[in-house]
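Structure first, then comments.
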Amino acid sequence: MKINTKLSALCIAATLMSVAQAAAAAPAVTAPAEATQPSVASPSASAPAQVPAPAASASATTPAPAQAPSVSAASTPAAAAGSAKAATPAAPSAPVQRPSTPAAPSAPAQRPSTSVAPAAAPSVPSTVKPSKPQQPSTSAPAAAASSVKPTQLDKLNHESAVPLVLEAQSRYQYAINGGSPVGESFQLNGKSYRYLSEDIGTKTKLINYLTQAYTKQASEQFVGKFFVEVNGRLAQLNADGGNLLEFNRATAKMVTMTPVKRSYLLTVPYPAETKQANAKITVNFEKVGSYWKISSAPHVIF
């Protein structure tokens, strides 16, 4: 019995020695495996620092077989095996990170977008430039159509009547003042006369000048009252005529209307400094051919 007990003790001692040798050999196997991991996953520098820790613990427990029972020796290889198992799954984690590198081609994908933008920019101004010259061309005819000469008035209303009256006043003033320049003066029947200017110096010329705004009857009535014919030339008393009424500020209101004849009541103010009430003047119009003329004699209005 004593011999068997000694043999069993020697077997146990041999077994503990074999386990201790196996535990000492385990770090030598795992160390190269841990050294290969940093080359795969270089960004994670913290992982290789933690992996060698089990190897240090295993080497620290190597002197324990003489003192510790088989339980502590058995636990040491189990920890090493566990660390080896934990290390092996970490290897596949490195390939998982590798597919992230192909994301780099996404940067070149943005380059085509920058090349397209400059190509589209020149096309916009090319379409806008032709449109700008077209706008003035359409507005120019509209402005020309809106300006109607008072001597060629084909539509008469309370607005267009005043410009025709102003045109008639201008022609009246030119004639009553003898034209420009005024002709020489002479004495006739003890009174001073003057000849009219060359452009209106005859009855025919003066009638043609007045009938641009007046009817022929109204023009002849005015000429017969204020002018005399001497040696084929028209002359008038050496004096000027006119009044203070401001016809440019007059307003017109229609009184009577037929297809060819109309009457308007004009409200004409005096200058503000005179402090006089507005004048009320009735002006008659008649359509001669295609245009409206004033049928009231000039001296009756002005």
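- Here the side chains of Arg194 and Phe186 are not in contact, with every heavy-atom distance at 4.5 Å or above.
- Considering only heavy atoms from C-beta on, Thr204 stays 4.5 Å or farther from Leu206 through its side chain.
- Applying the side-chain contact (heavy atoms from CB on, under 4.5 Å) criterion to Ser180, with sequence neighbours excluded, gives Tyr174.
- Connection of Val268 to Met254 is established within a shared hydrophobic cluster, with ILVMFWY side chains joined at heavy-atom distances below 4.5 Å, either directly or through further cluster members.
- Cluster membership check: Trp292 shares its hydrophobic cluster with Met257, using side-chain heavy-atom separations under 4.5 Å among Ile, Leu, Val, Met, Phe, Trp and Tyr.
- The cluster map of Ile, Leu, Val, Met, Phe, Trp and Tyr, joined by side-chain heavy atoms under 4.5 Å apart, puts Ile176 and Ile207 in the same cluster.
- Summarising the hydrophobic clusters (Ile, Leu, Val, Met, Phe, Trp, Tyr; side-chain heavy atoms under 4.5 Å, direct or chained), the residues clustered with Leu265 are Val255.
- Between Ser296 and Ala218, the shortest heavy-atom contact is O-CB, 3.7 Å.
- Contacts of Val228 classified as side-chain contact (heavy atoms from CB on, under 4.5 Å), with partners at least two apart in sequence or in another chain: Tyr193, Val230, Ala235.
- Here the closest non-hydrogen pair linking Ser170 and Tyr209 is O-OH, 4.2 Å.
- Between Phe222 and His299, the angle of the ring planes stays under 30°, which puts this pair in the parallel group of the 30/60° scheme.
- The side-chain contact (heavy atoms from CB on, under 4.5 Å) search around Thr274 returns Leu244, Tyr270, Pro271, Gln276, not counting sequence neighbours.
- Contact record, Phe285 with Ser295: N-OG, 3.7 Å, taken as the closest heavy-atom pair.
- Here Phe302 and Phe247 bring their ring centres to under 6.0 angstrom of each other.
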Enumerate donor-acceptor pairs with a distance under 3.5 Å from any side-chain N or O in residues 149-168 to protein atoms, sequence neighbours excluded.
residue, atom, partner, partner atom, Å
Asn157, OD1, Glu159, N, 2.9
Asn157, OD1, Ser160, N, 2.8
Asn157, OD1, Ser160, OG, 3.1
Ser160, OG, Lys155, O, 3.1
Ser160, OG, Asn157, N, 2.9
Glu167, OE2, Arg171, NE, 2.9
Glu167, OE2, Arg171, NH2, 3.2

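- Taking the side-chain contact (heavy atoms from CB on, under 4.5 Å) definition, one finds that Thr256 meets it with Ser263, sequence neighbours left out.
- By the 4.5 Å heavy-atom criterion applied to side chains, Leu196 and Gln236 are counted as neighbours.
- For Arg233 and Tyr195, the positive end sits near the middle of the six-membered ring, less than 6.0 Å away and at most 45° from its axis.
- A salt bridge does not link Lys203 to Glu220: none of the charged side-chain nitrogens sits closer than 4.0 Å to a carboxylate oxygen.
- Considering only heavy atoms from C-beta on, Gln187 comes within 4.5 Å of Ser192 through its side chain.
- Leu234 is connected to Phe226 through a chain of hydrophobic side-chain contacts under 4.5 Å among Ile, Leu, Val, Met, Phe, Trp and Tyr, so both are in one cluster.
- Contact between Leu245 and Ala279 at its shortest, heavy atoms only, is CD2-CB, 3.8 Å.
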